[in-house]
Amino acid sequence: MAEPGIERIDIEASIHHAWSMLLVDPINACQIANDALQAALQVNDQHGAAHAQLILSKHESRFGPSEQAIARLTQLAAYFRSHGDAQGQLRAEQALAQIELEQGAPHQAVIRLQRLITKPELLSALDHASILNTLSTALTSSGDRERGLRMAYQALSVIRRQQGTPISALINHNIGVYQLNAGNFDLAHKLLHDARQTIQPFGRTSLLGLFSANLALCLIHQGQLDMALKIIEPLVHESCTNITPRDLGFVQSVTADACFRLGEWSRGEHYLDLADTTLGGDDDPFFVGYLAFLHAQLLAQQGQSESALAQCDIAIAASERSHDDQLILDVINLQSQIHADRGDYQHAYQLARAFHQRYTRVSAFANETRYLTLQVQHELAEAQSARDRARKEHAEAEQARQKLSQLNRQLEERIEEIESLQSALREQAIRDALTGLYNRRHLQDALPQALQLATRTNWNVCVALIDLDHFKRLNDTHGHRLGDLALIELGKVLRDGIRGSDFCCRYGGEEFCIVLADMPASAAQLRLNGLLQQLKARLITDGESQFSGLAFSAGIASTDRFGHDPQRLLDAADKALYQAKAAGRGIVMIAEVL
Ligand SMILES: Nc1nc2c(ncn2[C@@H]2O[C@H](COP(=O)(O)OP(=O)(O)OP(=O)(O)O)[C@@H](O)[C@H]2O)c(=O)[nH]1
């Protein structure tokens with residue numbers, strides 16, 4: 001059995017591909033969707049199957065019986081809703097709105113579509129633009145032309161980064177049709193021409209038929225009949241699989257129209273017959289009106305004025321329903337001509353006046369539309385530049401914020417560096433470089449502090465001065481290097497031999513000082529004697545010479561005898577040290593008050 005993970009990716013990719021092709025190459029899109037459906041059913045992928053069916057149903061709604069499509073799309077919309085698939089639901093509902101629109105229920109379509117865009121931020125640009133485009137057509141069909149136009153331009157602004165795509169062509173085309181109906185032929189020509197150019201590379205699709213038919217209709221209104229025929233006639237014999245019956249019927253009708261206006265009556269009649277067959281039974285008011293008008297032209301030319309006028313009445317009624325002002329003007333004009341040809345000048349005159357009144361109204365509307373178009377474009381451009389400005393400001397603020405936090409980081413690093421440098425310097429200032437012990441400067445700060453603490457805690461503190469014996473001789477005999485090593489060794493013995501709360505420092509030269517807290521003088525003497533023995537036992541060597549039996553003399557002064565004045569204690573300890581030296585060295589003496 002196939003690996004389900006792999007099938008899932010294939011199905012998803014196929015569905016995505018089919019969606020993107022549905023507009024321009026529906027036959028191929030359906031083939032791909034069908035394959036995806038089979039694959040999805042095989043691996044029991046309900047989600048994939050539903051999306052594939054959605055594509056097939058959408059196609060069916062354009063090319064096949066709509067009742068079946070409605071039933072399937074309704075089912076699919078419910079399925080997507082119950083499974084929380086917002087995009088699936090949206091696409092199914094949009095397809096339903098499209099059918100409602102084609103079935104002449106634009107109000108219903110408007111309500112459905114407006115529900116779909118309540119949260120535009122959740123839609124992809126393509127889905128959003130597509131819904132706005134359908135909504136635009138639905139609004140225009142329901143008579144709200146102004147909002148229809150606004151929606152179309154809004155759709156265009158939503159996909160402004162995807163110019164040249166089929167959907168942008170579709171939107172341009174719809175605005176072109178809008179301008180065509182309003183009587184702004186130059187603007188309509190440009191939009192329809194651009195839309196047709198965009199869609200042409202995709203081959204002979206239904207869209208090419210539709211866009212060409214509207215462009216040809218525009219050219220007819222501009223009086224460029226040959227050009228109109230040149231564009232539309234080659235598309236007339238499309239097979240029904242590539243083009244929807246409505247689009248094909250429209251192409252055939254416009255071709256007939258161009259022929260009639262060129263005076264090519266039998267050629268036009270042929271195309272009108274084709275259009276009748278293709279559109280037979282379609283009750284869309286636009287097609288009903290257009291076909292009736294074409295028949296009226298032909299009948300009038302054949303001298304059957306009564307039948308021609310009857311067709312004109314049908315055409316007027318239908319185009320009033322489809323809000324097609326241009327067709328109404330054409331029909332009134334034809335009616336007037338028929339009456340004039342029959343010698344009924346009174347009727348002809350009345351109709352000419354009606355034409356004139358209507359024409360004035362339509363022209364005013366065309367002007368209003370031009371103005372509205374500019375206004376909408378201006379509003380959208382303003383909104384766009386406000387959005388761009390806000391985005392730029394946001395980006396600049398973010399950049400500044402990042403720069404600031406980078407500077408802060410650098411500053412913090414610098415401060416840390418300075419602080420560690422300062423503490424290294426502080427440490428350096430109170431440390432003796434040779435032995436690593438504190439130096440005399442530290443003693444000057446630390447001794448008064450230790451004595452102050454002792455006053456509060458009622459401890460006895462001993463200050464001991466220690467001086468190496470016969471150090472000069474050692475230096476002279478073994479050299480300064482060994483002398484240094486002897487100092488380092490004594491430093492180690494002292495540091496390792498005192499408690500954590502005590503401290504020792506190099507007082508100067510070969511002299512050291514220890515401060516022992518919470519200790520009577522006799523205990524300090526005992527401790528120092530122990531250290532003396534340790535030192536004596538150490539072998540001091542620099543690799544070349546060696547020496548052992550190094551000794552020191554020491555004098556101890558305690559607070560219980562000399563009080564808490566640092567200098568008095570140091571002086572007393574120094575005196576005791578002197579006495580130890582005098583007494584023969586290698587002795588630890590306790591200073592006594594005389
Ligand atoms: N190698 C070395 N010698 C030092 C250092 N500081 C002081 N000295 C030497 O220590 C010696 C001290 O000599 P003296 O003051 O005469 O004392 P002593 O030779 O130890 O004799 P007594 O103290 O009387 O036992 C001098 O020769 C100094 O040069 C040092 O950092 N390294």
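Numbering of ligands and ligand atoms starts at 1, following listing order. Owing to the predicted nature of the structure, the values given are computational and were not obtained by experimental measurement.
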No-hydrogen, no-angle side-chain donor-acceptor test under 3.5 Å, S61 and Q98: no

Under 30°, 30 to 60°, or over 60°: which ring-plane class applies to F80 and H51, parallel, tilted or perpendicular? tilted

Inspect the contact between D476 and K472 and indicate whether a charged nitrogen and a carboxylate oxygen are less than 4.0 angstrom apart. yes

Considering only NZ, NE, NH1 and NH2 on the basic side and carboxylate oxygens on the acidic side, decide whether R150 and E146 come within less than 4.0 Å. yes

Cationic tip of R440 within the cone over Y507's six-membered ring, i.e. under 6.0 Å and within 45° of the normal? yes

Check: every ligand 1 N/O to protein N/O pair under 3.5 Å:
unit_1: ligand 1; atom_1: 1 (N); unit_2: N475; atom_2: OD1; d: 2.9
unit_1: ligand 1; atom_1: 1 (N); unit_2: N475; atom_2: ND2; d: 3.4
unit_1: ligand 1; atom_1: 1 (N); unit_2: H480; atom_2: O; d: 3.3
unit_1: ligand 1; atom_1: 1 (N); unit_2: D484; atom_2: OD1; d: 3.2
unit_1: ligand 1; atom_1: 3 (N); unit_2: N475; atom_2: ND2; d: 2.7
unit_1: ligand 1; atom_1: 19 (O); unit_2: F471; atom_2: N; d: 3.3
unit_1: ligand 1; atom_1: 19 (O); unit_2: K472; atom_2: N; d: 2.8
unit_1: ligand 1; atom_1: 20 (O); unit_2: L468; atom_2: O; d: 3.3
unit_1: ligand 1; atom_1: 20 (O); unit_2: F471; atom_2: N; d: 2.8
unit_1: ligand 1; atom_1: 23 (O); unit_2: D467; atom_2: OD1; d: 3.1
unit_1: ligand 1; atom_1: 23 (O); unit_2: K581; atom_2: NZ; d: 2.9
unit_1: ligand 1; atom_1: 24 (O); unit_2: R585; atom_2: NH2; d: 3.0
unit_1: ligand 1; atom_1: 25 (O); unit_2: H470; atom_2: N; d: 2.8
unit_1: ligand 1; atom_1: 25 (O); unit_2: K581; atom_2: NZ; d: 3.0
unit_1: ligand 1; atom_1: 25 (O); unit_2: R585; atom_2: NE; d: 3.0
unit_1: ligand 1; atom_1: 31 (O); unit_2: R506; atom_2: NH2; d: 2.7
unit_1: ligand 1; atom_1: 32 (N); unit_2: D484; atom_2: OD1; d: 2.8

Testing the 3.5 Å rule here: is there a donor-acceptor pair between the side chains of T369 and Q179? no

